[in-house]
Amino acid sequence: MQQDRQWPESHSEETDILPRVDARRSQPDPSATESTQHIAAHDAPTQQFSPTPPTGATPPPGPPGDAAPAPSRPRWRKPGIIAAAVFGFLVLVYGFDLLITSGDIPRGVTVAGVEVGGMSRSEAENTLRDQLEPRLSEPVAYSAGEVSGELNPKESGLALDWPGTLDQAGDQPLNPFTRISSFFTTTELGVVTQAEPNQFDNAMKALRKEVDQEPVEGDVVFEGATPKAVEPRQGQELDVDQAKETILTHWASGEQLQLPVASTPVSVPMEEVERALREVAEPAMSGPVVVHGEGADGVLEPAEIAEGLSFEARDGALVPKIDQKKIIAGVEDELASTEKKGKDATIVFEGGKPTVEPSEDGNQIKWDETLKPLLDVLKQTDGRELTATYEKKPAEVTTEEAEGLGIKEVIGEFTTEGFAADSGVNIRVVAEKVNGAIVKPGDTFSLNEFTGPRTKAQGYVEAGIIQDGAPGKAVGGGISQFATTLYNAYYFAGMKDAGHQEHSYYISRYPKGREATVFQNPDGSSVIDLRFTNDSQHGVAIQTIWTPSSITVKLWGTKRYEVESVPGEETNHVKPPTKEGPKEDCKPSAGAPGFTVTDTRILRDVETGQEVRREERTVKYNPQPKIVCKDKD
């Protein structure tokens with residue numbers, strides 16, 4: 001029968017928290033005293049007592065037999081206490097670190113190489129200004145592919161945004177691991193830049209001009225008669241967006257900036273260059289080429305061949321090209337005697353009547369056909385000969401055409417007078433050039449195109465003109481009087497005006513609203529022209545009659561209209577302004593008022609007398625300034 005267990009009456013606090021021992025081991029020895037039992041219980045190194053049960057509680061039953069061994073103390077107690085102490089210390093250090101670094105730049109932060117971590121914002125900004133401001137006025141070195149240079153920050157509109165730069169650092173991190181790692185790492189921040197948009201865009205455009213390089217295709221060129229290979233080289237283009245970002249972020253670093261570029265490849269490899277040099281260029285320079293004409297020969301020397309031979313990159317290959325004009329120039333003088341230029345039929349005026357001067361057909365070299373085998377000949381080192389091919393060149397206006405044009409009577413004429421001797425020279429030269437010109441039905445006559453350049457080489461001289469309202473001189477001055485005379489001749493012939501322009505200022509010797517001016521550039525290109533179209537079914541011939549004091553232009557053809565001019569009244573008068581004349585050769589003038597006038601051309605059928613149509617043209621003349629000459633003193 002199980003006996004009741006004995007419980008100690010008094011226990012230490014430590015004993016109260018120990019686990020309960022086995023019932024058999026706690027059974028009291030009858031011969032032992034209570035104190036002995038108590039001492040034995042405490043002296044046992046491996047035993048612990050269970051806590052005293054509450055009053056009235058029955059101890060839990062245990063198995064009969066021997067008592068269970070007492071449990072040992074837990075081994076984790078001391079390490080746990082140490083870990084807790086360390087953790088608490090770290091918490092205190094973390095809190096203290098947060099407290100003393102609040103508001104500062106995070107540790108380990110550098111800006112453009114300058115350490116500012118752990119500083120207050122004001123201290124960091126002052127440090128940056130001290131370290132970086134000397135750099136800001138210095139050129140910014142850059143490298144972009146094969147190009148290196150410098151960028152002027154001031155001219156590029158670059159300036160630092162100090163607060164914005166420090167804002168990138170952010171606030172102190174709360175993550176303890178981040179804070180610990182900041183003692184051993186650095187974080188580099190780029191600068192924040194304030195860029196003036198227009199200046200920066202202009203700087204980037206200038207930078208592109210420096211950096212961008214067109215690819216150099218492989219080629220063969222000639223130095224005199226010596227062929228040279230041109231090695232292909234790829235080009236490059238600046239990556240503008242990435243370059244902008246690099247410059248704006250790192251321009252204040254004091255280091256050379258590496259700007260990104262994209263390569264632009266070439267299409268012709270060096271192998272193809274060497275092939276063209278070997279198979280075409282070198283044989284082409286091996287000797288002259290003889291061109292056999294009818295009765296004479298022309299010789300193309302290697303240097304002349306080199307002038308007309310070139311290569312073009314096409315589909316990864318070098319294709320030889322012949323410049324016919326340059327090749328022809330090499331032999332045309334030698335073969336000129338074998339050609340005969342054609343001559344158009346013209347109208348000559350003898351005894352006051354027009355007669356036809358016969359046309360002549362030409363015999364000219366057909367160069368397209370002649371030079372077609374030239375490339376094959378150039379690839380050879382012997383048998384380098386060509387035979388010229390000729391063709392008949394009929395006149396543009398044949399004798400039969402001229403006789404059938406119906407040029408039989410005067411259909412319009414006009415005369416102007418009163419020109420200076422030098423102007424008279426120019427009027428005579430242009431009149432001789434135009435005299436006898438034929439305008440076929442439907443064709444348009446252009447005075448500038450027909451005469452070509454009007455320079456001293458063609459016999460023209462300096463003569464008076466009006467420039468900006470003031471008298472002046474220029475080669476060809478006075479031609480406008482001939483233009484006005486021709487305009488009125490085709491006006492009264494009933495021809496269709498194809499374009500003319502009046503003078504800016506009215507000139508009293510011309511009809512109001514019925515006059516014209518012309519102008520050319522020094523190279524003969526047209527600026528202001530005089531043009532009319534022969535809209536009749538018959539041809540028109542132009543006759544000019546010059547005297548030292550007058551010029552007359554007559555148009556011959558088949559008369560269709562009786563033409564009347566009805567001038568309108570002057571309106572919208574404008575007083576002349578006063579203008580100071582040139583310092584040298586100043587000639588005073590009273591000037592003239594400006595006004596507006598309308599001219600009406602009435603065309604009536606020559607046979608019936610009925611009105612065919614009316615044409616109005618309104619002309620506005622500017623006031624001619626009053627020129628005042630100041631005394632030389």
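- Taking all atoms of both residues into account, the shortest heavy-atom contact from Ala284 to Ile305 is O-CD1, 3.9 Å.
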> Which is it for Arg233 and Val266 under the side-chain contact (heavy atoms from CB on, under 4.5 Å) test, yes or no, and what are the steps along the way?
Replying inline: CA-CA 7 Å; Arg233 183 167 53 109; Val266 295; 5.7 Å; no
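- Contacts classified as side-chain hydrogen bond (donor to acceptor under 3.5 Å, both in side chains) and involving residues 313-330 (residues at least two apart or in different chains) are given here: Glu312-Arg314, Gln324-Asp368.
- A side-chain donor from one of Asp529 and Ser446 sits under 3.5 Å from a side-chain acceptor of the other.
- The two residues Gly224 and Ala306 make their nearest non-hydrogen contact at O-CB, 3.3 Å.
- For Thr193, the side-chain hydrogen bond (donor to acceptor under 3.5 Å, both in side chains) partners at least two apart in sequence or on another chain are Trp251.
- The main-chain N or O of Ser525 is found under 3.5 Å from a side-chain atom of Asp523 such that the two form a donor-acceptor pair.
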> Which is it for Met270 and Glu274 under the side-chain contact (heavy atoms from CB on, under 4.5 Å) test, yes or no, and what are the steps along the way?
Replying inline: CA-CA 6 Å; Met270 190 60 191; Glu274 293 171 346; 4.0 Å; yes
>> Could you walk me through whether Ile247 and Val140 satisfy the side-chain contact (heavy atoms from CB on, under 4.5 Å) test, starting with their C-alpha distance in whole Å, then the side-chain angles of each, then the deciding distance to 0.1 Å, before giving a yes or no?
In response: CA-CA 9 Å; Ile247 293 171; Val140 179; 6.0 Å; no
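- The distance from the OG1 atom of Thr451 to the CD atom of Gln458 is 8.5 Å, given to the nearest 0.5 Å.
- Taking the six-membered ring for Trp and thresholds of 30 and 60 degrees, His573 and Phe595 have ring planes inclined between 30 and 60 degrees apart.
- The main-chain N or O of Val230 is never found under 3.5 Å from a side-chain atom of Asp219 such that the two would form a donor-acceptor pair.
- Take Asp239 and apply the salt bridge (Lys or Arg N to Asp or Glu O under 4.0 Å) test, not counting sequence neighbours, and it matches no residue.
- The side chain to side chain contact (heavy atoms under 4.5 Å, CB included) test applied to Glu138 returns no partner, not counting sequence neighbours.
- Taking both residues in full, the closest heavy atoms of Ala144 and Val211 are given as CB-CG1, 3.7 Å, listed atom of the first, atom of the second, then distance.
- Among Gln501, His503, His500, the single residue meeting the side chain to side chain donor-acceptor pair (under 3.5 Å) criterion with Glu515 is His503.
- To the nearest 0.5 angstrom, Leu257 atom CG is 10.5 Å from Tyr142 atom OH.
- Remark: Gln258 CD is packed, more than 12 non-hydrogen atoms of other residues, nucleotides or ligands lying under 6.0 Å away.
- Atom CD of Glu245 has 12 or fewer neighbouring heavy atoms from other residues, nucleotides or ligands inside a 6.0 Å radius.
- Not counting sequence neighbours, the partners of Glu237 by the side chain to side chain contact (heavy atoms under 4.5 Å, CB included) test are Asp212, Thr264.
- Of the possible polar contacts, one joining the Thr571 side chain to the Thr596 backbone as a donor-acceptor pair under 3.5 Å is found.
- In this structure, Gln236 places its CD atom where more than 12 heavy-atom neighbours from other residues, nucleotides or ligands lie under 6.0 Å away.
- Glu272 contributes a side-chain N or O that, together with a main-chain N or O of Leu318, makes up a donor-acceptor pair within less than 3.5 Å.
- The salt bridge (Lys or Arg N to Asp or Glu O under 4.0 Å) search around Glu217 returns none, not counting sequence neighbours.
- A distance of 4.5 Å separates CG of Leu375 from CD1 of Ile322, quoted to the nearest 0.5 Å.
- By the neighbour-count criterion of 12 heavy atoms within 6.0 Å, atom CZ of Arg275 is densely surrounded, having more than that number from other residues, nucleotides or ligands.
- Counted by atom type alone, Arg454 and Asn448 present one or more donor-acceptor pairs between their side chains at under 3.5 Å.
- Leu207 approaches Leu259 most closely through the heavy-atom pair CD2-CD1, 3.8 Å.
- Listed here is the closest heavy atom pair of Pro269 and Gly316: CD-O, 3.7 Å.
- What you find for Tyr505 and Pro625 is that their closest heavy atoms are CE2-CD, 4.1 Å.
- No donor-acceptor pair closer than 3.5 Å links the side chain of Glu304 to the backbone N or O of Ala329.
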> Between Asp201 and Lys244, is a side-chain contact (heavy atoms from CB on, under 4.5 Å) present by the stated rule, with each step listed?
Replying inline: CA-CA 9 Å; Asp201 286 345; Lys244 282 183 176 180; 3.7 Å; yes
